[in-house]
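One structure is given below, encoded as structure tokens.
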Amino acid sequence: EQVPAAVLEHLERLALVDFRDAEGVQRLREAVRFAERLHEVDTEGVEPMDSVLEDRCLYLREDDVTEGNCTKELLKNAREKIEEYFVAPPGNIPLPKLEERETFEQQS
Amino acid sequence: MTISFSRKDTEPMETARAAACHARGGTVPAGQSGLASWLPVVGLEIHAQISSNSKLFSGSQVQFAAPPNSLVSFFDASLPGTLPVLNRRCVEAAVMTGLALNCSINKKSLFDRKHYFYADLPAGYQITQKRVPIAVNGSLSYSLCIDNKMSRMVTKTVRIKQIQLEQDSGKSLHDDTRSQTLVDLNRAGVGLMEVVMEPDMCCGEEAAAAVRELQLILQTLGSSKAIMAEGQLRVDANVSVHHPGEPYGVRTEVKNINSVRFLAKAIDYEIQRQIEELENGGTILNETRAFDSKLGCTISMRDKEGKQDYRFMPEPNLPPLILYDAKSLPANRNHQQVVNIDWIRERLPDLPSVKRAKLVELYGILPEHSFTLLNEDGLAEYFENVIKHTQMKPKKVIGWVLKELLSYLKEHALAVKDSPVSSFLLADLLNLLERKEISSSAAKQVFEELWKGEGKTPLEIVKEKHLELLRDQEELEQICQAVIDRQEDEVMAIKAGNQKVLNKLIGLVQRATRGRSNPVLVKQILEKKLQSE
């Protein structure tokens with residue numbers, strides 16, 4: 001079925017994912033349909049598995065300082081920097097509302 | 001640096017409100033227009049930075065005030081291909097804290113991702129424990145004075161909903177003039193314990209007392225240094241009001257509180273603001289508000305982005321955290337990989353409440369004294385050291401420590417460890433007093449002199465200023481006689497039956513001897529002389 005435009009907008013805003021065009025939305029629809037097949041299995045009384053690592057041992061590290069001190073290397077990734085600080089915009093720039101954006105619906 | 005939550009700091013207004021708050025069972029009477037009283041509800045979310053050498057999931061150092069981005073590993077900067085590795089010390093800190101707060105420790109707890117975008121959160125999500133945190137269902141007991149003189153203390157309890165391990169974010173420095181934010185990731189990934197309290201409190205004073213006690217507990221355990229001024233303890237308050245018997249009102253979240261004192265102020269302001277708003281027919285929005293310490297009010301931080309959807313999901317890179325106890329210890333595991341809850345419980349230090357009870361029992365001091373002793377860093381040790389080196393009874397020593405020493409320290413804004421009068425010096429001074437070599441007022445003069453820190457001993461000061469109690473009975477009798485001879489009116493009054501005037505004569509003798517006479521002895525001599533006249 002159709003994914004409502006409001007849901008699309010919500011997803012794009014939350015995940016900053018750009019569905020871009022009808023093909024992108026179609027791929028989303030197919031992914032949802034694929035995942036919905038899980039409902040065919042009766043999971044009554046079964047504890048959900050949330051990680052394939054569930055029977056692995058969580059490794060505990062000793063509290064030693066073994067990393068860090070690589071400011072120069074890290075800052076190589078920065079488009080802008082000031083005195084070893086990363087520079088970012090003053091706050092989150094909210095995604096423009098659906099009406100203000102060029103979306104696939106407007107394009108098609 | 002010493003944190004103090006001294007009774008003197010709290011304004012009389014706040015204490016009066018708190019006293020009234022407790023007397024009425026927590027309600028606030030209606031304002032001008034209202035008919036029914038209001039019940040404020042306060043819940044706290046506290047983030048305590050774990051005291052550890054390295055971060056929660058990486059080996060970068062944890063340190064306050066270091067060059068920007070120098071304590072950051074590739075994982076902390078969220079570079080691709082990096083994975084979290086859990087720090088054992090952080091787990092132990094959380095278990096200790098959970099045990100100290102009477103929690104059930106979950107032998108199996110899980111990690112989750114909480115997603116939101118912000119420049120100081122490079123991964124775009126925070127690793128936290130949403131579904132199954134490490135500790136649940138505990139309690140914190142704290143004490144409150146319900147009158148101004150600190151003589152009536154009442155014990156209250158707040159339930160702890162849970163304690164969870166999570167990552168701290170980096171720091172954003174807002175540069176409004178250049179319309180940009182500078183980001184320092186040194187703090188990104190530092191381990192935090194989030195302590196969630198149930199909304200069992202009713203006013204700022206209760207919240208402040210609870211936080212103060214939690215701070216002391218964390219510092220005693222060593223699991224967090226919990227210094228609010230260094231951001232090691234951050235408190236957010238959830239505040240709402242409702243009429244008794246009705247459902248809870250809409251709550252607001254108050255942030256940006258930098259001290260225990262401001263916590264009380266912020267909460268009380270917000271309670272008042274909500275009451276006034278509702279009594280004027282307005283509504284309360286479920287929003288986040290920032291406390292402005294200069295203006296003493298809360299300001300809306302209304303989010304342009306609307307309500308956040310954090311899209312919680314299990315952290316796929318971390319298996320469940322399994323903790324053991326004596327019964328469930330695995331046989332073949334390397335013990336460095338095993339956290340044993342019972343082992344940790346056996347090694348918990350005495351918590352503040354236990355320390356206080358011991359001080360009261362051992363030394364016969366009042367409960368409120370024990371609170372003050374523990375409230376100042378190092379004061380309890382100072383007190384015990386004085387006791388060790390003096391013959392004076394603890395009940396008298398406590399007066400000197402809490403009145404003279406503490407007031408001088410406060411006046412000069414000094415910590416106990418920086419006191420110019422060491423516990424040994426004070427003990428020496430108190431011994432002189434106890435052996436009746438000087439009077440109490442002379443002792444105070446000596447203390448003032450000792451405070452100058454010129455390296456003189458109490459005995460040297462006494463000799464220098466001739467403060468010894470007059471031992472010469474004859475000299476004392478002469479002075480008394482002189483006073484009697486001069487004060488004819490007073491003598492007549494005493495003989496007529498007005499005994500109170502005798503105190504005036506005693507005072508005059510004290511003055512004549514510059515505080516070097518024993519008032520009890522003086523009284524005896526005067527009485528004897530007056531009788532025989």
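In what follows, chains carry the letters A, B, and so on, assigned in the order in which the sequence lines appear, proteins first and then strands, with residues in each chain numbered from 1.
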Proximal component of [X], with respect to chain A [non-hydrogen, under 4.5 Å]:
{"X": "B:Asn317", "result": "backbone"}
{"X": "B:Arg178", "result": "neither"}
{"X": "B:Lys108", "result": "neither"}
{"X": "B:Tyr116", "result": "neither"}
{"X": "B:His174", "result": "side chain"}
{"X": "B:Leu56", "result": "backbone"}
{"X": "B:Pro314", "result": "side chain"}
{"X": "B:Val62", "result": "neither"}

[X]: what forms a side-chain hydrogen bond (donor to acceptor under 3.5 Å, both in side chains) with it, not counting sequence neighbours?
{"X": "B:Asn256", "result": "none"}
{"X": "B:Ser54", "result": "A:Arg61, A:Asp63, B:Asn87"}
{"X": "B:Asn106", "result": "none"}

Any side-chain heavy-atom pair of [X] and [Y] under 4.5 Å:
{"X": "A:Val87", "Y": "B:Val183", "value": "no"}
{"X": "B:Phe111", "Y": "A:Leu58", "value": "yes"}
{"X": "A:Phe86", "Y": "B:Leu182", "value": "no"}
{"X": "A:His10", "Y": "B:Asp309", "value": "yes"}
{"X": "B:Gln180", "Y": "A:Ile82", "value": "yes"}

>> Rounded at 0.5 Å granularity, tell me how far CZ in A:Arg56 sits from CD1 in B:Ile322.
In response: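 One finds 14.0 Å between CZ of A:Arg56 and CD1 of B:Ile322.
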> Which distance, rounded to the nearest 0.5 Å, do you find between the CD1 of A:Ile93 and the CZ of B:Phe117?
Replying inline: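 It comes to 13.0 Å.
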> Can you name the closest pair of heavy atoms from B:Asp184 and A:Tyr85 and give their distance?
Replying inline: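 Heavy-atom minimum between the residues: CB-CE2, 3.8 Å.
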> Can you name the closest pair of heavy atoms from B:Ser179 and A:Pro90 and give their distance?
Replying inline: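 Reported closest heavy-atom pair: O-CD, 3.2 Å.
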More than 12 heavy atoms of other residues, nucleotides or ligands under 6.0 Å from [atom1] of [X]: yes or no?
{"X": "A:Arg79", "atom1": "CZ", "result": "no"}
{"X": "B:Arg311", "atom1": "CZ", "result": "yes"}
{"X": "A:Glu23", "atom1": "CD", "result": "no"}

> When heavy-atom pairs shorter than 4.5 Å are enumerated against chain B, which of A:Thr66, A:Leu60, A:Val65, A:Leu74 gives the highest number?
Replying inline: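 Top count of heavy-atom pairs under 4.5 Å with chain B: A:Leu60.
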> Looking at B:Ser58, B:Ala66, B:Pro316, B:Cys90, which has the largest count of heavy-atom pairs under 4.5 Å with chain A?
Replying inline: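 Looking at each of B:Ser58, B:Ala66, B:Pro316, B:Cys90 in turn, B:Ser58 comes out on top.
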Less than 4.5 Å to any heavy atom of chain B: does that hold for the side chain of [X], its backbone, both, or neither?
{"X": "A:Asp64", "value": "backbone"}
{"X": "A:Glu73", "value": "side chain"}
{"X": "A:Leu14", "value": "both"}
{"X": "A:Ala78", "value": "neither"}

> Short question: side chain of B:Thr181, backbone of A:Pro89 - any donor-acceptor pair under 3.5 Å?
Replying inline: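 Flag set: sc B:Thr181 to bb A:Pro89 pair under 3.5 Å.
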> Ignoring hydrogens and geometry, is there a side-chain-to-backbone donor-acceptor pair from A:Thr71 to B:Asn69 under 3.5 Å?
Replying inline: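 Checking the backbone N and O of B:Asn69 against the side chain of A:Thr71, a donor-acceptor pair under 3.5 Å is found.
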> Which of residues 324-338 of chain B get closer than 4.5 angstrom to chain A, counting heavy atoms alone?
Replying inline: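 At a heavy-atom separation under 4.5 Å, chain A is reached by B:Arg333, B:Gln336, B:Gln337.
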